[in-house]
Novice: 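First, the structure itself, so that you have it in front of you.
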Amino acid sequence: MSPSTSWHPGSYARNARFVSDLGEPLLRQLEPQPGELILDLGCGDGALTAKIAAAGARVYGIDSSLAQTQASRSRGLDVFVGDGQNVGLKQRFDAVFTNATLHWMKQPENVVAGVWESLKPHGRFVGEFGGRGNIDKIRCALHAGLGKRGIDPWSVDPWYFPSPEEYALLLTAAGFAVDYIELIPRPTQLPGDIFGWLDVFAQPFTRSVAESERKSFVNEVRAELEPLLRGADGKWIADYVRLRFRAVK
Ligand code: BEZ
């Protein structure tokens, strides 16, 4: 994940627990079997990793955040710090699973090549992340706020949201057979105010603004988004679009 983001397990749990709560359909795609060896790439605080383990699989997690790996370990999971763009593991897995991580990795060819190397023959790669159009409104508001301040937003934008066609091409070029790939619009109710989401996920943008300007930048982004994403009941709905896939080596 982006080095310009600090992951705080407490804030993540308060503002982003829905990320793992909404992972059930992906777990069904994975179909973990007892005794299988599975890698959870970008395991975060281990909420879904623990569910894979509960299905009887032997699961290892890898995450770039030390704080998140510590949170995972406190669940009794085997997790280590590592870069998904440079996996380089000796072990070979029956499956590699990944949820809500790949959009932070802007070298997707390296990710796919590393996953290929990590899989046994016929091993499966099952994942979900932000696809084309994901959080477009939020991204536009962040870009507009930086543009106004003379900062090129693309120089700090940490996200990769490919179309299914683009990602399928990448997978096939690496040798995978793509069983399934789909773009799924999934408007998602946030647990609180958009401030919480921005605090956890928009750090590369906020950190590019001078400290004295940050508060007004975030207030402006919120004001821009309020008529677009906040319902009459006061609840915030983020414009998520998922790209879900299953590919086989
Ligand atoms: C996502 O899960 O799609 C996502 C979350 C935070 C920032 C960008 C994308």
Side-chain angles (χ1 to χ4, degrees), residues 1-23 42 44-45 47-48 63-65 67-68 71 99-106 128-163 183-244:
M1 294 201 186
S2 167
S4 53
T5 298
S6 307
W7 300 95
H8 301 290
S11 173
Y12 189 87
R14 270 192 310 283
N15 293 299
R17 175 55 59 223
F18 65 88
V19 174
S20 51
D21 287 349
L22 295 172
D45 67 4
L48 287 175
D63 200 278
S64 64
S65 158
Q68 291 284 62
N99 181 53
T101 293
L102 299 186
H103 47 249
W104 295 100
M105 299 181 189
K106 295 182 91 172
E128 182 174 311
F129 64 112
R132 180 60 51 86
N134 191 41
I135 55 160
D136 236 13
K137 294 188 173 78
I138 301 177
R139 195 184 213 182
C140 280
L142 289 164
H143 277 223
L146 290 195
K148 260 174 64 179
R149 288 166 174 81
I151 300 165
D152 171 13
W154 291 109
S155 69
V156 297
D157 188 310
W159 301 320
Y160 164 67
F161 300 140
S163 68
L183 197 64
I184 307 169
R186 196 202 63 197
T188 301
Q189 187 179 310
L190 301 181
D193 197 274
I194 192 83
F195 277 141
W197 191 97
L198 295 169
D199 186 43
V200 175
F201 293 123
Q203 294 170 34
F205 297 91
T206 46
R207 287 180 179 186
S208 74
V209 172
E211 216 165 335
S212 56
E213 268 282 297
R214 281 184 197 159
K215 207 163 174 191
S216 61
F217 168 67
V218 173
N219 283 337
E220 235 174 81
V221 169
R222 183 186 185 278
E224 181 99 2
L225 290 172
E226 192 163 20
L228 305 175
L229 298 180
R230 195 172 191 198
D233 58 1
K235 301 237 159 70
W236 287 84
I237 310 280
D239 49 341
Y240 277 87
V241 179
R242 315 319 291 157
L243 182 62
R244 191 180 297 161

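Numbers for residues simply follow the sequence, beginning at 1. Quick caveat: nothing in here was measured; it's all calculated off a predicted structure.
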Novice: Mind checking the CZ-OG1 spacing from Arg207 to Thr5? Nearest 0.5 Å is all I need.
Specialist: 6.5 Å
Novice: Report the distance from atom NZ of Lys148 to atom CG of Leu146, rounding to the nearest 0.5 Å.
Specialist: 11.0 Å
Novice: Nearest 0.5 Å, please: how far is CZ in Phe195 from CG in Leu190?
Specialist: 13.0 Å
Novice: So Leu198 and Thr206, do their side chains get closer than 4.5 Å, heavy atoms only?
Specialist: no
Novice: Which heavy-atom pair separates Ile138 from Ala238 by the least distance, and what is that distance?
Specialist: CD1-CB, 4.1 Å
Novice: Taking the side chain as C-beta and beyond, is there a heavy-atom pair between Phe217 and Leu142 under 4.5 Å?
Specialist: yes
Novice: Measure the shortest side-chain to side-chain distance between Arg186 and Arg244 over non-hydrogen atoms and say whether it is less than 4.5 angstrom.
Specialist: no
Novice: Please report the shortest heavy-atom distance between Val200 and Gln203, naming the atom on each side.
Specialist: O-NE2, 3.2 Å
Novice: Does atom NZ of Lys137 have more than 12 heavy-atom neighbours from other groups under 6.0 Å away?
Specialist: no
Novice: What heavy-atom pair brings Gly131 and Phe161 nearest, and what distance separates the two atoms?
Specialist: O-CB, 3.4 Å
Novice: I'd like to know if the side chain of Arg242 pairs up with that of Thr188 as donor and acceptor (distance under 3.5 Å, no hydrogens or angles considered).
Specialist: no
Novice: At what distance, to the nearest 0.5 angstrom, does CG of Leu225 lie from CD1 of Ile237?
Specialist: 13.0 Å
Novice: Answer yes or no: is there a donor N or O on one side and an acceptor on the other, between the side chain of Ser155 and the main chain of Pro153, under 3.5 Å?
Specialist: no
Novice: Got Val209 and Val218 here, is their nearest side-chain heavy-atom distance under 4.5 Å?
Specialist: no
Novice: Do Ile135 and Phe201 make a side-chain contact, defined as non-hydrogen atoms from C-beta onward lying under 4.5 Å apart?
Specialist: no
Novice: Answer yes or no: is there a side-chain heavy-atom contact under 4.5 Å between Leu243 and Leu183?
Specialist: yes
Novice: Would you give the length of the straight line joining atom NE2 of His8 to atom CZ of Arg14, rounded to the nearest 0.5 angstrom?
Specialist: 10.0 Å
Novice: Are Phe205 and Trp159, when compared by the centres of their aromatic rings, separated by less than 6.0 Å?
Specialist: yes
Novice: Work out which heavy atom in Ala141 is nearest to a heavy atom in Glu224; give both atom names and the distance.
Specialist: CB-CG, 3.8 Å
Novice: So, for Arg149 and Ser216, which heavy atoms are closest and what is the spacing to 0.1 Å?
Specialist: NH2-OG, 3.7 Å
Novice: Checking the side chain of Asp239 only, and the main-chain atoms of Asp136 only, is there a donor and an acceptor separated by less than 3.5 Å?
Specialist: yes
Novice: Hey, does the side chain of Asp63 reach the backbone of Gln68 with a donor-acceptor pair shorter than 3.5 angstrom?
Specialist: no
Novice: Where is the tightest heavy-atom contact between Thr101 and Gly42, given as atom of each residue plus distance?
Specialist: OG1-O, 3.0 Å
Novice: Hey, does the side chain of Arg139 reach the backbone of Asn134 with a donor-acceptor pair shorter than 3.5 angstrom?
Specialist: no
Novice: So how far is it from Arg230 CZ to Asp193 CG, rounded to the nearest 0.5 Å?
Specialist: 6.0 Å
